A.B. asks: 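Please find one structure pasted underneath; my questions will follow.
Quick caveat, the model's predicted, so the values are computed rather than measured. The figures that follow rest on heavy atoms only: side chains count, while hydrogens, waters and symmetry mates do not.
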Amino acid sequence: MTRAFDLSLKSLGALRYAYFYSGRHDHHPSIITNLPDEWLSEYEENALHRIDPVLDISKNTVLPFSWLTAELNKKNQQLSINALKYKIFEGHTFTTISHDREVGILTLCLDNKETSLSSTIKKNEAEIQFCLIKYHEQYKQLYTYYSGTNEHTQIKKLSCREIEVLRWVSSGKTYSEAAVILGITERTIKFHVSNIKKKLDVYSSRQLASIATKYGLIHL
């Protein structure tokens, strides 16, 4: 699912992206991205979603919009430093809202050497918007399924992406194999596994496999 989304975006000129999913009762978004693992780690650990102006703007419009990091984050140096550190100088953001009010936000990130890609993205706005709508509906179904069928507080601690990682790793896939399946790096798999262990308060892969088996994740 995510792999197909990744390939579709790349074919439309979107090489780097971050997708944010927010359910009605979520305190923080689930994030799917091909940006560096360090960016994701810093963003989540510092809860930057709370002060991200891109997410704030997205709450008030369903139309695509463009922005420059330096201009948008004048009042927030923490976000500006975080973005520029990973060469996010410019962005194009798309928003979709499902009928039950779950929000999907897709931000395409450009550095200062990718000026030609900006016009390509604008040219392909309609196709990119459709890709977002399609992926958002698929992601929402997966998210709703796990939230609705797994009532144990341990499973509820996990994001939808973390459940995907847990599923494949517990099914016997190596980190590199899981990375290929999910369209992310092996380092990102390790990052998610580390977070999963912390959230579930376990220390071994055997314990993770036991939990995954208990809730039927391996056989889905």
A.B. asks: For Ala178 and Trp168, which heavy atoms make the closest approach, and how far apart are they?
C.D. replies: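 So the two residues come closest at CB-CB, 4.2 Å.
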
A.B. asks: Would you sort out whether Leu63 and Phe94 count as a side chain to side chain contact (heavy atoms under 4.5 Å, CB included), showing the intermediate values?
C.D. replies: CA-CA 7 Å; Leu63 297 176; Phe94 299 76; over 6 Å; no

A.B. asks: Please give me the minimum heavy-atom distance between Asn60 and Asp56, naming the atom from each residue.
C.D. replies: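 Answer, listing the atom of Asn60 first, then Asp56: ND2-O, 3.3 Å.
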
A.B. asks: So how far is it from Leu117 CG to Lys123 NZ, rounded to the nearest 0.5 Å?
C.D. replies: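 Those atoms lie 12.5 Å apart.
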
A.B. asks: Is it the case that Ser118 and His92 place a side-chain donor and acceptor less than 3.5 Å from each other?
C.D. replies: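 Side-chain D/A pair, Ser118 to His92: present.
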
A.B. asks: Working to the nearest 0.5 Å, report the span between CD of Glu90 and CG of Leu110.
C.D. replies: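 One finds 5.0 Å between CD of Glu90 and CG of Leu110.
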
A.B. asks: Which distance, rounded to the nearest 0.5 Å, do you find between the OG1 of Thr120 and the CG of Leu108?
C.D. replies: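 Reported to 0.5 Å precision, the distance equals 11.5 Å.
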
A.B. asks: With a 4.5 Å limit on heavy-atom distance, are the side chains of Leu200 and Leu158 in contact?
C.D. replies: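 Yes; the side chains approach each other to less than 4.5 Å.
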
A.B. asks: With no hydrogens and no angle check, do the side chains of Ser98 and Glu137 hold a donor and an acceptor under 3.5 Å apart?
C.D. replies: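 The answer is no; no qualifying pair exists.
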
A.B. asks: What's in the same ILVMFWY side-chain cluster as Leu72, cut-off under 4.5 Å, chained through other members?
C.D. replies: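 So far as hydrophobic clustering goes, Leu72 is joined with Phe20, Ile31, Leu35, Trp39, Leu40, Tyr43, Leu48, Ile51, Val54, Leu55, Ile57, Val62, Phe65, Trp67, Leu79, Tyr86, Ile88, Ile97, Val103, Ile105, Phe191.
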
A.B. asks: NZ of Lys197: more than 12 outside heavy atoms within 6.0 angstrom?
C.D. replies: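 Above 12, so yes.
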
A.B. asks: What's in the same ILVMFWY side-chain cluster as Leu84, cut-off under 4.5 Å, chained through other members?
C.D. replies: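 When side chains under 4.5 Å apart are linked, the cluster holding Leu84 also contains Phe89.
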
A.B. asks: Verify, without hydrogens or angle tests, whether Ser170 (side chain) and Arg167 (backbone) share a donor-acceptor contact under 3.5 angstrom.
C.D. replies: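 Side chain of Ser170 to backbone of Arg167, a donor-acceptor pair under 3.5 Å: no, none is there.
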
A.B. asks: Name the residue from Leu166, Thr188, Val169 that meets the side-chain contact (heavy atoms from CB on, under 4.5 Å) definition with Val193.
C.D. replies: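 Among Leu166, Thr188, Val169, the one that satisfies the side-chain contact (heavy atoms from CB on, under 4.5 Å) with Val193 is Val169.
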
A.B. asks: Measure across Ile32 and Tyr17 and return the closest heavy-atom pair with its distance rounded to 0.1 Å.
C.D. replies: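 Scanning both residues completely, I find the closest heavy atoms to be O-CE1, 3.9 Å.
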
A.B. asks: Please step through salt bridge (charged side-chain N to carboxylate O under 4.0 Å, His left out) for the pair Glu162 and Lys199, ending with a clear verdict.
C.D. replies: CA-CA 10 Å; Glu162 288 169 340; Lys199 289 183 178 182; 2.8 Å; yes

A.B. asks: Under the ring-ring contact (aromatic ring centres under 6.0 Å, His included) test, which residues partner Tyr19, sequence neighbours left out?
C.D. replies: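 Checked Tyr19 against ring-ring contact (aromatic ring centres under 6.0 Å, His included); matches are Tyr135, Tyr139.
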
A.B. asks: Any side-chain heavy atom of Glu42 sitting closer than 4.5 Å to one from Gln78?
C.D. replies: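 No. Closest side-chain heavy atoms not under 4.5 Å.
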
A.B. asks: Applying the 4.5 Å side-chain criterion to the ILVMFWY set and letting contacts propagate, would Ile128 and Phe130 be lumped into a single cluster?
C.D. replies: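 Looking at the clustering, Phe130 is in a separate group from Ile128.
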
A.B. asks: Are Lys198 and Ser194 close enough that some pair of their side-chain heavy atoms sits under 4.5 Å apart?
C.D. replies: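 Yes, close enough: below the 4.5 Å cut-off.
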
A.B. asks: In Å, rounded to the nearest 0.5 Å, how long is the span from OG of Ser22 to CZ of Arg101?
C.D. replies: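 Between Ser22 OG and Arg101 CZ, I get 12.5 Å after rounding to 0.5 Å.
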
A.B. asks: Tell me, which pairs form a side-chain hydrogen bond (donor to acceptor under 3.5 Å, both in side chains) where one or both residues lie in residues 7-16, sequence neighbours left out?
C.D. replies: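 Output for this query lists Asp6-Lys10.
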
A.B. asks: Each residue besides Ile133 in its hydrophobic cluster should be listed here, by chain and number; the cluster joins Ile, Leu, Val, Met, Phe, Trp and Tyr at side-chain heavy-atom distances under 4.5 Å.
C.D. replies: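 Members other than Ile133 - counting any ILVMFWY side chain reachable under 4.5 Å - there are none.
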
A.B. asks: Check the hydrophobic clustering (I, L, V, M, F, W, Y; side-chain heavy atoms under 4.5 Å; chains of links allowed) and say if Leu182 and Val180 are grouped together.
C.D. replies: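 Different hydrophobic clusters.
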
A.B. asks: Can you confirm whether Glu125 sits close enough to Pro64 that some side-chain heavy atom of one is under 4.5 Å from a side-chain heavy atom of the other?
C.D. replies: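 Of all side-chain heavy-atom pairs linking Pro64 with Glu125, at least one is under 4.5 Å.
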
A.B. asks: Do Thr174 and Glu177 have side-chain heavy atoms sitting under 4.5 Å apart?
C.D. replies: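 Yes. Closest side-chain heavy atoms under 4.5 Å.
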
A.B. asks: Using only atom types and a distance under 3.5 Å, with no angle test, would you say the side chain of Glu164 pairs donor to acceptor with the backbone of Ser159?
C.D. replies: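 No; judged by distance alone, with no hydrogens or angles, the pair does not exist.
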
A.B. asks: Apply ring-ring contact (aromatic ring centres under 6.0 Å, His included) to His136 and list each qualifying residue two or more places apart in sequence or on a separate chain.
C.D. replies: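 Result, ring-ring contact (aromatic ring centres under 6.0 Å, His included) vs His136: Tyr21.
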
A.B. asks: Taking C-beta and beyond as the side chain, do Ile184 and Arg161 meet within less than 4.5 Å on heavy atoms?
C.D. replies: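 A side-chain contact under 4.5 Å exists here.
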
A.B. asks: Can you give me the closest heavy-atom contact between Arg3 and Ile181, atom names plus distance?
C.D. replies: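 Scanning both residues, the minimum pair turns out to be CB-O, 3.9 Å.
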
